[in-house]
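Right, one structure below, let's go through it.
Because the structure is predicted, anything quoted here is derived from the model rather than measured. First the proteins, then the strands, lettered A, B, ... as listed; each starts at 1.
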Amino acid sequence: MIKIKGLNKYFGSLHVLKDVDFAVDKSNVVVLIGASGSGKSTLLRCINFLELNDSGRVEIMGKSVDPKKDDLNKIRQDVGMVFQHFNLFPHKTVLENVIEAPIFVKKMPRQEAVETASYLLEKVGLSDKADVYPCQLSGGQKQRVAIARALAMNPKIMLFDEPTSALDPELVGEVLQVMKELAREGMTMVVVTHEMGFAKEVADAVFFMDEGKIVEEGKPCEIFTNPQHVRTQEFLGQVLA
Amino acid sequence: MTAIYEIFMENAAAFMQATTVTLKLTFVSLLLAMLIGLVFAFFKISGNRVLYGIAQLYITVIRGTPLIVQLMFLYFGIIKIVVLPAFWAGSLALAIHAGAYIAEIFRGTIQSIDRGQMEAARSLGMSYPLAMRRIILPQAFKRAIPPLGNQFIIGLKDSSLVAYLGVAEIYGTALYAQAENFQPFETYLVAGFYYLVLVIIFTFLVNKLELKLNVENGGDAK
Ligand SMILES: Nc1ncnc2c1ncn2[C@@H]1O[C@H](COP(=O)(O)OP(=O)(O)OP(=O)(O)O)[C@@H](O)[C@H]1O
Ligand SMILES: [Mg+2]
């Protein structure tokens, strides 16, 4: 579903991603871990072209993407993204948040968009909040709306950038629950997270990033119990301690 | 006191008529100014150096010269190009003046919207213009209401200078009346009174609108 080869990314003179190779198969869940500033978010954002790579190849659903020629808006419709700080549209109700893109991007009839949205809101357990504004929701509820909003475009891939990092501990579970459900249904997912429990339970593969490089990858049981690279050992030592 | 009262009564009809002219001037010029302001705000955030330079030059010149000079210059410039009634030429000149300030208001409020809003919109497949129109601008306009209200009040008072183009708005009416009645002190006092009442009414309305928007959208929280 996603294939990245030899990707490099610079911010000015800062070399943020260094020759990254990265691949995710259909219906797989990949968890991306690494220290702050190691480039996890940047890699994720290269997958939906919120950041453009300086060299290398990005292949989405079997198609090599050229940001200069291809219609990125079209590609992004297939790649949903969930952000650490939710980024809900504060001037729109929960329902309006979810139907906005289907109506204005996909030109879906409003009636159909509302039906889809109602189904998705029920799925994330927020049917009763459809007409509420985001500021009246808890963090966990906001993030579940954000997931429903992304799903409304019927994406083939979902990207999660630290979806639970901004949440109070007691609200983390409800969001992870929704994500697990998605994984079970066969969604292809790339998740940046510090929730190692989630990684162990759900991930098909874990990638460890350090200073812009992927230094280790493997099954969660391998990475967590028997990390090969010294940087992985150090990082896991800190996180799991 | 009685002299003021007499002037007030004698000119009541003329001043009421003039008030409608002042209001029309203000609304028309501010509406145009908002269009101009939006365009130049986009020039400034376009990332295009030429457009940015044009906007910066415009704003610098407007801010750096007196309004009365701009009005005269623009008026005589405008009527060289097209024959316009003084009201419309004056409105246009006022709009070009206020547009510079409104450009900065819009630029500020657009840029104050969290970057994540644009990113979320783009990640859903929205194009930049669509995301601007549906997601960023509605939030930016809402934040612009208090400074726009303020600009509106400034515009209302600035419209008095259009009297010098021969438009019979409030100040123009006072100019004319005091030349007839030889009581400038009382006449200008009455004119000032009209402006003051208008400004108080607008301040009240703007505050009401702000409150209403806040309640409707449940505040500005993310
Ligand atoms: N828009 C930008 N402009 C300049 N530098 C940036 C930009 N975005 C990220 N960086 C830098 O790139 C590096 C990688 O950032 P990135 O956000 O990808 O790290 P991360 O692994 O997601 O970290 P965190 O765990 O803190 O989210 C950091 O040094 C960061 O400061
Ligand atoms: Mg990050």
Would you check if the side chain of Asn87(A) reaches a backbone N or O of Gln117(B) as a donor-acceptor pair within less than 3.5 Å? no

About how many Å separate CZ of Arg134(B) and CD of Glu100(A), when rounded to the nearest 0.5 Å? 4.0 Å

How long is the span from the CZ atom in Phe89(A) to the CD1 atom in Ile113(B), to the nearest 0.5 Å? 12.0 Å

Return yes when atom [atom1] of [X] has more than 12 non-hydrogen atoms of other residues, nucleotides or ligands closer than 6.0 Å, and no otherwise.
| X | atom1 | result |
| --- | --- | --- |
| Lys123(A) | NZ | yes |
| Glu122(A) | CD | no |
| Phe73(B) | CZ | no |
| Lys63(A) | NZ | yes |
| Lys24(B) | NZ | no |

Considering only heavy atoms from C-beta outward, does the side chain of [X] approach that of [Y] to under 4.5 Å?
| X | Y | result |
| --- | --- | --- |
| Leu50(A) | Arg122(B) | yes |
| Ile135(B) | Lys92(A) | yes |
| Glu119(B) | Met81(A) | no |
| Leu124(B) | Val105(A) | no |

Lys106(A), Arg149(A), Lys74(A), Met153(A): which one forms the most heavy-atom pairs within less than 4.5 Å of chain B? Arg149(A)

Report the option among Ser123(B), Ser127(B), Pro138(B) that has the most heavy-atom pairs separated by less than 4.5 Å from atoms of chain A. Ser123(B)

